[in-house]
2 protein chains.
Amino acid sequence: MAKDRASHQRIRKTPEERRREILDASIRLIGEYGFNGISLKDVADEVGMSQPGLLHYVGTKEGLLSMLVTDVYDMSGTPGDFLASGVPGSDPEAPHFPAYLRFLVRHNASRPALMQLYVVLQSEAVAPNHPLHDYFQARPEQVWNFYSEYPWVLPEEIGGWENMRSLVRMSIEAMDGIQLRVLREPHIDLYEEWLAFEKLLFPSPLWDEYR
Amino acid sequence: MAKDRASHQRIRKTPEERRREILDASIRLIGEYGFNGISLKDVADEVGMSQPGLLHYVGTKEGLLSMLVTDVYDMSGTPGDFLASGVPGSDPEAPHFPAYLRFLVRHNASRPALMQLYVVLQSEAVAPNHPLHDYFQARPEQVWNFYSEYPWVLPEEIGGWENMRSLVRMSIEAMDGIQLRVLREPHIDLYEEWLAFEKLLFPSPLWDEYR
DNA sequence: GTCTATACAAAGATAGAC
DNA sequence: GTCTATCTTTGTATAGAC
């Protein structure tokens with residue numbers, strides 16, 4: 001297995017593996033205690049290395065956060081993933097927006113640690129001096145622009161994607177509220193709870209062919 | 001102005017006044033930076049006293065938080081306040097639940113610092129070692145029990161208060177999501193946004209006489 | 001790339017004077 | 001009731017050996 005290359009070297013963990021370990025540990029710990037609630041030593045212990053050893057990878061504590069956001073956050077659960085998924089409503093030529101939201105909720109439900117990280121950081125970043133403040137501040141508009149690039153098929157009565165702003169906003173608000181609740185009461189099923197909101201936000205018969 | 005009583009004493013700030021100052025400063029600072037995001041010195045500076053001076057009042061850092069929760073949180077915006085408010089739907093003999101939720105949203109909108117405190121603490125307390133973890137964990141059930149004591153009048157089709165569980169839960173979820181959004185985009189009107197959700201959660205014609 | 005040792009600052013809390 | 005001084009711990013970060 002491509003082992004002969006540089007065979008005089010001892011096998012050891014590659015930087016990529018370390019990076020991955022650091023990311024996973026950070027997701028768990030920050031998701032649980034918040035960025036303000038953890039220390040670099042906590043993460044280092046979790047990964048099994050010294051605190052200066054960790055700093056070698058992330059530079060500073062903020063660097064750890066940047067790494068997390070850039071490499072993990074915006075990399076999954078996108079409309080692009082949805083169109084490639086082949087689930088009902090994901091026809092790349094005529095995708096259904098409610099179907100994407102269901103996809104997104106399922107995606108989040110399948111990665112609870114990442115979801116928790118998101119919820120916790122989002123609230124923590126309300127503080128104007130938080131390293132992610134600007135990121136989350138700009139996010140709603142960025143997400144809207146991002147979504148706007150896809151050819152969603154909508155009921156004619158809506159009158160075009162431009163009129164979806166408040167519905168998109170309310171959908172995000174509902175999701176955030178649900179996620180916060182599920183964090184405290186894990187017995188609540190995230191997907192079921194979202195379906196209840198979907199029924200209200202995208203009602204029959206208006207959305208029957210477009211959900 | 002009642003100055004003659006104990007006129008031989010110099011006028012100075014009473015403990016009550018100090019308490020009030022400490023509470024106000026804490027609401028602002030913790031709401032903005034989170035409990036993990038502030039130090040006792042931050043609060044002390046804000047109030048204009050030394051850090052040990054502050055500790056004289058609150059005992060420990062956690063004591064500050066307890067003081068906040070006990071004295072401020074659960075003391076306002078209750079159904080009791082609602083019934084005494086005289087607004088439409090607040091007849092103590094036959095109160096309307098959606099009317100109470102509107103009352104609650106208006107109340108929150110009128111005290112943005114307190115609302116922000118609530119949102120930030122709620123997420124921070126996801127951490128199992130957070131001093132308010134248990135408090136927020138138990139809260140949904142407590143709120144439900146608290147609400148259950150009032151004789152809300154509901155559409156007959158609902159079939160009784162017991163069937164309101166999911167609707168109450170979804171209402172709270174929506175509110176939490178809205179509040180989080182408004183914190184980042186203050187131009188959004190909290191009350192207007194809630195009315196949009198109310199229309200979905202308590203639709204016509206079912207709720208027309210009970211809203 | 002990973003460690004030990006260490007510098008430096010900040011935070012919570014206590015002692016004791018006034 | 002409020003302060004100064006101080007103790008102790010913890011946290012970020014750097015220096016330098018291996």
Side-chain angles (χ1 to χ4, degrees), chain A residues 5-26 28-30 32-68 71 121 124 127 129-132, chain B residues 5-6 8-26 28-30 32-69 71 121 124 127 129-132:
Chain A
R5 184 161 75 91
S7 61
H8 61 282
Q9 278 194 340
R10 300 244 332 266
I11 296 175
R12 62 173 167 180
K13 276 178 184 163
T14 70
E16 319 302 324
E17 283 173 321
R18 272 296 194 208
R19 257 183 91 84
R20 193 64 242 171
E21 286 177 345
I22 292 170
L23 285 177
D24 286 342
S26 305
R28 273 207 328 97
L29 288 176
I30 299 181
E32 197 156 357
Y33 302 103
F35 183 65
N36 286 334
I38 63 150
S39 71
L40 290 175
K41 181 166 189 312
D42 295 332
V43 180
D45 288 350
E46 185 81 7
V47 180
M49 67 203 281
S50 68
Q51 181 256 18
L54 173 64
L55 272 181
H56 173 74
Y57 282 87
V58 300
T60 74
K61 196 188 178 191
E62 282 198 23
L64 178 67
L65 207 48
S66 314
M67 204 166 114
L68 223 55
D71 289 20
L121 278 183
E124 202 176 30
N129 66 343
H130 193 283
L132 289 184
Chain B
R5 183 161 76 88
H8 60 284
Q9 278 195 340
R10 300 246 332 266
I11 298 175
R12 62 172 169 180
K13 277 178 183 163
T14 70
E16 319 302 325
E17 284 172 321
R18 273 295 195 212
R19 258 183 89 84
R20 193 65 242 170
E21 287 178 345
I22 292 169
L23 284 178
D24 286 342
S26 305
R28 271 207 330 96
L29 287 176
I30 299 181
E32 197 157 356
Y33 302 103
F35 183 64
N36 286 333
I38 63 152
S39 71
L40 289 175
K41 183 166 188 312
D42 295 333
V43 179
D45 288 350
E46 185 82 5
V47 180
M49 67 201 285
S50 68
Q51 181 255 19
L54 173 63
L55 272 181
H56 174 73
Y57 281 89
V58 301
T60 74
K61 197 189 179 191
E62 283 197 22
L64 177 67
L65 207 47
S66 314
M67 204 166 115
L68 223 56
V69 173
D71 291 20
L121 278 183
E124 203 175 30
N129 66 342
H130 193 283
L132 289 184

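Shown here are the side chain to side chain donor-acceptor pair (under 3.5 Å) partners of B/S39, two or more places apart in sequence or in another chain: B/D42. Legend: residues meeting side chain to side chain contact (heavy atoms under 4.5 Å, CB included) with A/D71, ordered by chain and number and at least two apart, are A/R19, A/L23, A/M67. In this structure B/E21 satisfies the salt bridge (Lys or Arg N to Asp or Glu O under 4.0 Å) test together with B/K13, B/R18, sequence neighbours excluded.
For the pair B/E17 CD and D/dG1 P, the computed distance is 13 Å after rounding to whole Å. To the nearest angstrom, C1' of D/dC18 lies 14 Å from NE2 of A/H56.
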Exercise. Summarise how protein sits on nucleotides 3-15 of chain D as a single string, 5' to 3': B when a protein heavy atom is under 4.0 Å from the base, S for sugar-phosphate-only contact, - for no contact.
Key: BBB-----SBBB-
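In this structure, B/R28 does not pair ionically with B/D24, as no charged nitrogen and carboxylate oxygen lie closer than 4.0 Å.
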Atom pairs and distances, donor-acceptor, side-chain atoms in residues 58-65 of chain B, under 3.5 Å, two or more places apart:
residue	atom	partner	partner atom	Å
B/T60	OG1	B/E62	N	3.3
B/T60	OG1	B/G63	N	3.1
B/K61	NZ	B/F35	O	3.0
B/K61	NZ	B/I38	O	3.0

